[in-house]
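Letters A, B, ... are given to chains in the order of the sequence lines, protein chains preceding strands, and every chain is numbered from 1.
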There are 2 protein chains.
Amino acid sequence: MSQITMKELAKRLGTSVSTVSRALQNHPRIGLKMREDVMALAKELNYSPNTTAINLKKQSTKNVGVVVPWLTEQFFSMAITGIEDILFEKGYRVVLQQSRDDFEREEQAIQALMKHGVDGIIVSMGSGTYNHRHFLEVNRKGIPLVFFDRVVKSLPNSCVYTDITQASFEAVELLLNKGLTKIALLNGPNTMQSSNERLMGYVNALKLHQIELNPIYIKTTDLSVEDTVKKTHELLDLAVPPQAIFAFHDYMSLDAMQIAKERGLIINQDIFFVSFSNLSFCKYLEKPPFASIEQFPYEMGAKAANLLVDAMKKPDDYVREEVIIRSKLIVRV
Amino acid sequence: MSQITMKELAKRLGTSVSTVSRALQNHPRIGLKMREDVMALAKELNYSPNTTAINLKKQSTKNVGVVVPWLTEQFFSMAITGIEDILFEKGYRVVLQQSRDDFEREEQAIQALMKHGVDGIIVSMGSGTYNHRHFLEVNRKGIPLVFFDRVVKSLPNSCVYTDITQASFEAVELLLNKGLTKIALLNGPNTMQSSNERLMGYVNALKLHQIELNPIYIKTTDLSVEDTVKKTHELLDLAVPPQAIFAFHDYMSLDAMQIAKERGLIINQDIFFVSFSNLSFCKYLEKPPFASIEQFPYEMGAKAANLLVDAMKKPDDYVREEVIIRSKLIVRV
DNA sequence: CTGTTAGCGCTTTCAC
DNA sequence: GTGAAAGCGCTAACAG
């Protein structure tokens with residue numbers, strides 16, 4: 001199926017390619033009749049422009065690469081929905097890649113995108129990412145890059161995130177205000193900035209309420225179910241087990257809750273869970289985690305997309321922006 | 001940041017662009033020293049080819065469009081993961097669009113993809129899609145297209161799906177074998193082929209077990225939560241309410257279950273639910289829907305991607321394939 | 001108002 | 001083995 005080109009249109013109309021081009025893009029300096037003729041023939045022949053050629057000419061692809069750890073995590077699929085909505089309306093397309101929290105894969109994805117030619121990139125970093133050379137490479141190439149959620153604040157790129165420290169503080173304080181003092185932290189890996197911020201919020205809250213920090217209540221995990229299960233058992237095996245667990249996210253809360261239930265504990269009575277995510281399906285649970293932090297992923301994605309669009313518009317006088325989306329603590333019970 | 005081009009490499013090496021091109025792609029008829037020199041300089045200058053130019057030349061973009069109703073539905077995010085895995089390894093990139101079960105949007109998405117230039121398209125149709133003109137257009141343009149899950153069997157495109165009728169039959173039979181006879185069907189819209197197939201499976205099972213079909217037990221919905229709620233109430237308001245509900249998918253089961261619970265019914269005792277999807281988070285429920293049909297979305301996506309890759313390889317002698325992925329009824333209780 | 005011309009960056013005959 | 005040249009489809013000065 002040989003696509004019909006402007007050359008063909010020009011030939012049939014006995015005119016030149018440039019005239020056809022101008023007519024098609026409603027250039028002012030073009031005769032009315034000619035414009036109409038061209039338009040008519042184009043429609044008749046079902047002409048559609050070759051975007052690749054335009055891309056080559058314009059040095060842009062109207063493609064934006066998006067790299068997230070897991071599409072299957074609700075947080076990310078909602079964020080991508082926000083990204084897609086903004087980008088689509090601005091004429092961009094989303095090229096998607098998952099890093100699966102694996103450094104190698106993330107690097108591969110970024111390289112593929114650069115090689116493939118995208119006008120910009122939006123990234124939420126994987127938990128396994130221990131260095132930033134791929135991002136530096138993107139910056140070196142002058143491709144606009146925006147981070148969201150799992151960001152790198154030390155890089156000169158704009159980023160969108162929630163104040164994890166503050167949100168963590170509020171979550172832990174909620175528990176403290178309930179009179180609970182033995183609160184455990186079931187965290188992500190130390191390598192993740194957001195794990196450290198959770199820790200800070202946790203520490204701050206305890207400090208403010210003059211509860212002594214007990215290191216045995218602090219566990220890090222690699223975010224896997226197995227590790228969550230293991231560390232939860234460790235916590236519940238303690239001589240004085242925690243009354244509440246502040247977990248990395250709802251997925252972790254849910255897995256930890258299963259363990260607690262198996263061990264005969266009653267949720268929201270013997271033990272309380274709070275975490276990030278505010279997963280929608282928790283509403284179907286008889287006993288949902290006590291509270292959760294809503295991070296508004298759709299809005300975060302949309303904001304990141306908007307920042308990227310700005311950056312792509314004016315690659316020269318690019319101003320780094322750091323946008324903090326205010327999270328909200330949702331008490332479920 | 002002006003990217004470095006082959007022209008630049010050629011200039012610096014005092015050779016021609018064509019030689020550089022050949023050296024870079026390990027053309028046989030090229031001097032060893034020259035090849036090494038070119039390679040070395042390319043590495044040094046961090047040369048990377050302009051994919052758009054290659055695309056224009058090769059008349060292909062290595063981009064594949066994927067259109068699904070909702071990214072946030074686990075079924076689709078898993079399918080896309082399968083698609084992405086296969087496509088990435090074959091050197092293709094996934095361009096993602098969501099139709100949100102809206103015909104206009106689906107049409108827009110398909111058009112944007114065609115215009116944008118993709119080598120192929122994978123689609124799972126939206127529930128609101130009432131005609132196929134956009135697919136016909138894709139076919140007319142000779143762009144390979146493969147359907148999965150929500151397919152159009154009457155079109156000449158390959159497709160991958162589960163045997164909904166058979167799976168529905170098994171699901172309903174499971175209930176019948178439990179001695180339940182008053183079974184309702186909470187279906188999707190009539191416009192969806194897969195709704196009709198569910199209905200057929202339902203009818204077949206009842207017939208085989210010589211249970212008379214009672215039309216008041218059959219409800220269609222537009223898949224929205226509101227409509228699900230409404231129709232569930234209608235069913236439970238009946239003089240003789242159903243003992244079991246076969247719902248479109250787990251999301252619908254869950255919403256319907258909420259209503260049943262609110263009305264004081266005990267799940268898996270007073271009323272049983274079965275549906276499609278086998279959502280992973282149901283494992284966290286005290287009382288999950290009684291059974292669910294696992295459709296192996298990852299495998300479906302992967303298979304669809306493989307079919308598309310084949311179709312893109314040999315656009316001429318294209319053979320339509322219809323692949324049926326065997327589903328599995330998972331009894332949860 | 002319209003045609004000519006020169007590319008965008010790369011591949012690929014066709015010569016030498 | 002290497003270079004010159006054409007061309008993928010389109011845009012945009014530059015001349016009329």
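Judged by distance alone, the side chains of His116(B) and Asn63(A) do bring a donor and an acceptor atom under 3.5 Å apart. Using a 3.5 Å distance cut-off with no hydrogens or angles, the side chains of Thr19(B) and Ser16(B) do pair a donor with an acceptor. A donor-acceptor pair shorter than 3.5 Å cannot be found between the side chains of Asn55(A) and Thr61(A). Using modelled atom types and a 3.5 Å distance limit, the side chains of Gln74(A) and Thr72(B) yield no donor-acceptor pair. With hydrogens and angles left out, the side-chain atoms of Tyr161(B) and Gln295(B) include no donor and acceptor closer than 3.5 Å. Inspection of the His134(A) and Gln111(A) side chains reveals no N or O donor paired with an N or O acceptor under 3.5 Å.
Atom-to-atom, CG of Leu32(B) to P of dG1(D) comes out at 11 Å; the value is rounded to the nearest Å. Here dG3(D) presents its P atom at 16 Å from NZ of Lys11(B), a figure rounded to the nearest Å. In this entry the distance linking CD1 of Ile30(A) with P of dT11(D) reads 13 Å, nearest Å. Regarding Arg35(A), its CZ atom lies at a distance of 9 Å from the P atom of dC1(C), rounded to whole Å. Distance CD (Glu36(B)) to P (dG1(D)): 14 Å, rounded to an integer number of Å. Spacing between atom CG of Leu45(A) and atom P of dG9(D) amounts to 15 Å, rounded to whole angstrom units. Taking atom NZ of Lys33(B) as the reference point, atom C1' of dT2(D) lies 14 Å away to the nearest angstrom. For the pair His27(A) NE2 and dC10(D) P, the interatomic distance rounds to 18 Å; values are reported in whole Å.
Two end axes, each from the C1' atoms of five base pairs, can be drawn for the helix from dC1(C)-dG16(D) to dC16(C)-dG1(D); they diverge by 50°, to 10 degrees.
Here the CD1 atom belonging to Ile122(B) is positioned 11.5 Å from the CG atom belonging to Leu113(B), to the nearest 0.5 angstrom. Rounding to the nearest 0.5 Å places CZ of Phe88(A) at 15.5 Å from CD1 of Ile83(A). Between Gln193(A) atom CD and Met125(A) atom CE the span is 7.0 Å, to the nearest 0.5 Å.
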Tell me, for nucleotides 4-10 of chain C in 5' to 3' order, what letter each nucleotide earns: B for a base near a protein heavy atom under 4.0 Å, S for only sugar-phosphate near one, - for neither? B--BBBB
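Within the 4.0 angstrom heavy-atom criterion, only backbone atoms of the sugar-phosphate kind lie near Thr15(A); the bases stay farther away.
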